[in-house]
Amino acid sequence: MKKLIFIFESEQVAEEGIKSWISRNKDLQIAATANTVEDAIEIIDQAQLEEDERVIAILELNFRGIGEQKNEEGYKILKAIKESGKDIRALVFTSLDNCGHLRTSMSERYGAMGFISKECGINTLFEAIYSILEGNKYFSGNLKDKLTEVEEIYQQLSKTEKIVLKCALCDMNNHEIAEKLGISIRTVENHISHIYSKTKTYDRHTLFTKIGGGGYKYRIHASCTVDASLPLAA
């Protein structure tokens, strides 16, 4: 079986580091690289895979250019992989390493098979690659306890509270949430108050820090939904 690697990374230093690591394993072959979202999507579209080939796409979520603000453009690459129907297995290797992005990336909507922080070492990267090649899902061990805590928090929330929280994580203010859901601002405020109480937080900053998500305006206009089954999906 041929084990191919796609590297989708906007920062040249990070890309060179990944290439150097991958080159240490002779059974892994770097087949394509891209420094822009558009080039990554083109590679995915044009990929013609043989039966004996397996592809791991290592990608960053924060796909910014020099001097640009943080963003989540890497989700567009995940979506392209998902929609291609090709056996390209996405491994998110990112600086946006919180549970919100983990849950979103590995949700059914985006379909990543792995999620690891750039703070992890080379051994974790290889462990993730080979685990995913075998058909397993993988995420950083340092996020395991935090993810369990977040899951327990979500179990305490009502369906409506999950929807309101999802909107808040999309950086909507109370007026925008009320308009989107067709409810009064007072009702939104009550739901937000209940969310703070259940999560033991007192404002959006502490809430987002605990949950792991929120903050990027791009989400509202690009793809923010109110699907309660995926409360953290971007």
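Because the structure is a prediction, the values reported are computed rather than measured.
Atoms NZ and CD, on Lys76 and Glu73 in that order, are 3.5 Å from each other to the nearest 0.5 Å. Between Glu38 atom CD and Ile43 atom CD1 the span is 12.0 Å, to the nearest 0.5 Å. If you take CD1 on Ile81 and CZ on Arg89, they are separated by 12.5 Å, rounding to the nearest 0.5 Å. Lys180 contributes atom NZ, which lies 6.5 Å from atom SG of Cys167 (distance to the nearest 0.5 angstrom). To the nearest 0.5 Å, atoms CD (Gln155) and CD1 (Ile153) are separated by 10.5 Å.
Of all the heavy atoms in Asp45 and Lys86, the pair that sits closest is O-NZ, 2.8 Å. Across Ala31 and Phe6, no two heavy atoms sit closer than the pair CB-CE2, 3.7 Å. Tyr154 and Lys162 get closest at one heavy-atom pair: O-CE, 3.1 Å. Smallest separation of non-hydrogen atoms from Ser20 and Ser23: O-OG, 2.7 Å. Looking at every heavy atom in both residues, Ala112 comes nearest to Val92 through CB-CG2, 4.0 Å. The two residues Glu151 and Arg103 make their nearest non-hydrogen contact at OE2-NH1, 2.7 Å.
Remark: the backbone N or O of Ser95 is paired with a side-chain donor or acceptor of Glu60 at under 3.5 angstrom. At distances below 3.5 Å, at least one donor-acceptor pair connects side-chain atoms of Ser107 with backbone N or O atoms of Thr104. No donor-acceptor distance shorter than 3.5 angstrom exists from the side chain of Ser105 to the backbone of Leu102, with no hydrogens or angles considered. Thr206 contributes a side-chain N or O that, together with a main-chain N or O of Tyr202, makes up a donor-acceptor pair within less than 3.5 Å. The closest donor-acceptor contact from the side chain of Glu134 to the backbone of Ser131 lies at 3.5 Å or more, if one exists at all. Not one N or O on the side chain of Asn71 forms a donor-acceptor pair closer than 3.5 Å with the backbone of Asn62. Between the Thr199 side chain and the Ile195 main chain, a donor and an acceptor come within less than 3.5 Å of each other. Formation of a donor-acceptor pair under 3.5 Å by the Glu15 side chain with backbone atoms of Gln12 is not found in this model. Side chain of Asn173 to main chain of His175: a donor-acceptor pair is present (N/O by atom type, distance under 3.5 Å, no hydrogens or angles).
Counting non-hydrogen atoms of neighbouring residues, nucleotides and ligands closer than 6.0 angstrom, the CD atom of Glu179 reaches no more than 12 such neighbours. For Arg24, the CZ atom sits in a packed shell: over 12 heavy atoms of surrounding residues, nucleotides or ligands are nearer than 6.0 Å.
Taking 4.5 Å as the limit, every side-chain heavy atom of Tyr110 sits out of range of all side-chain heavy atoms of Lys82. Between Gln29 and Lys3 there is no side-chain heavy-atom pair separated by less than 4.5 Å. The shortest distance between side-chain heavy atoms of Ile177 and Ile163 does not fall below 4.5 Å. Contact check for Lys2 versus Arg54: no side-chain heavy atoms found under the 4.5 Å cut-off. Looking only at side-chain heavy atoms (C-beta outward), Ile44 and Ser84 come within less than 4.5 Å of each other. Using a 4.5 Å cut-off on side-chain heavy atoms (C-beta onward), Glu127 and Asn123 make no contact. Counting only heavy atoms from C-beta outward, the side chains of Leu49 and Ile88 approach each other to under 4.5 Å. Counting heavy atoms from C-beta outward, Thr160 and His191 have side chains that approach closer than 4.5 Å.
A donor atom on one side chain and an acceptor atom on the other are not found under 3.5 Å apart for Thr187 and Asn190. Side-chain contact of Thr94 with Asp97: a donor-acceptor pair under 3.5 Å is absent, judged by distance alone. Between the side chains of Gln46 and Glu42, a donor-acceptor pair is found at a separation under 3.5 Å.
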- request: Could you give me the CA-CA distance, side-chain angles and deciding distance for Phe63 and Phe8, then say whether side-chain contact (heavy atoms from CB on, under 4.5 Å) is met?
  value: CA-CA 9 Å; Phe63 229 88; Phe8 302 143; 4.1 Å; yes

* To do: Test side-chain contact (heavy atoms from CB on, under 4.5 Å) on Glu161 and Ile192 and set out the steps.
  => CA-CA 8 Å; Glu161 288 166 352; Ile192 293 290; over 6 Å; no

- Could you please spell out the steps behind the salt bridge (Lys or Arg N to Asp or Glu O under 4.0 Å) verdict for Lys118 and Glu9? CA-CA 12 Å; Lys118 280 189 172 176; Glu9 169 64 62; 2.7 Å; yes

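Counting Ile, Leu, Val, Met, Phe, Trp and Tyr side chains that sit under 4.5 Å apart, directly or through other members, Ile56 shares a hydrophobic cluster with Ile5, Ile7, Ile18, Trp21, Ile22, Leu28, Ile30, Ile58, Leu91, Phe93, Met113, Ile116, Ile122, Leu125, Phe126, Ile129, Tyr130, Ile132, Leu133, Tyr138.
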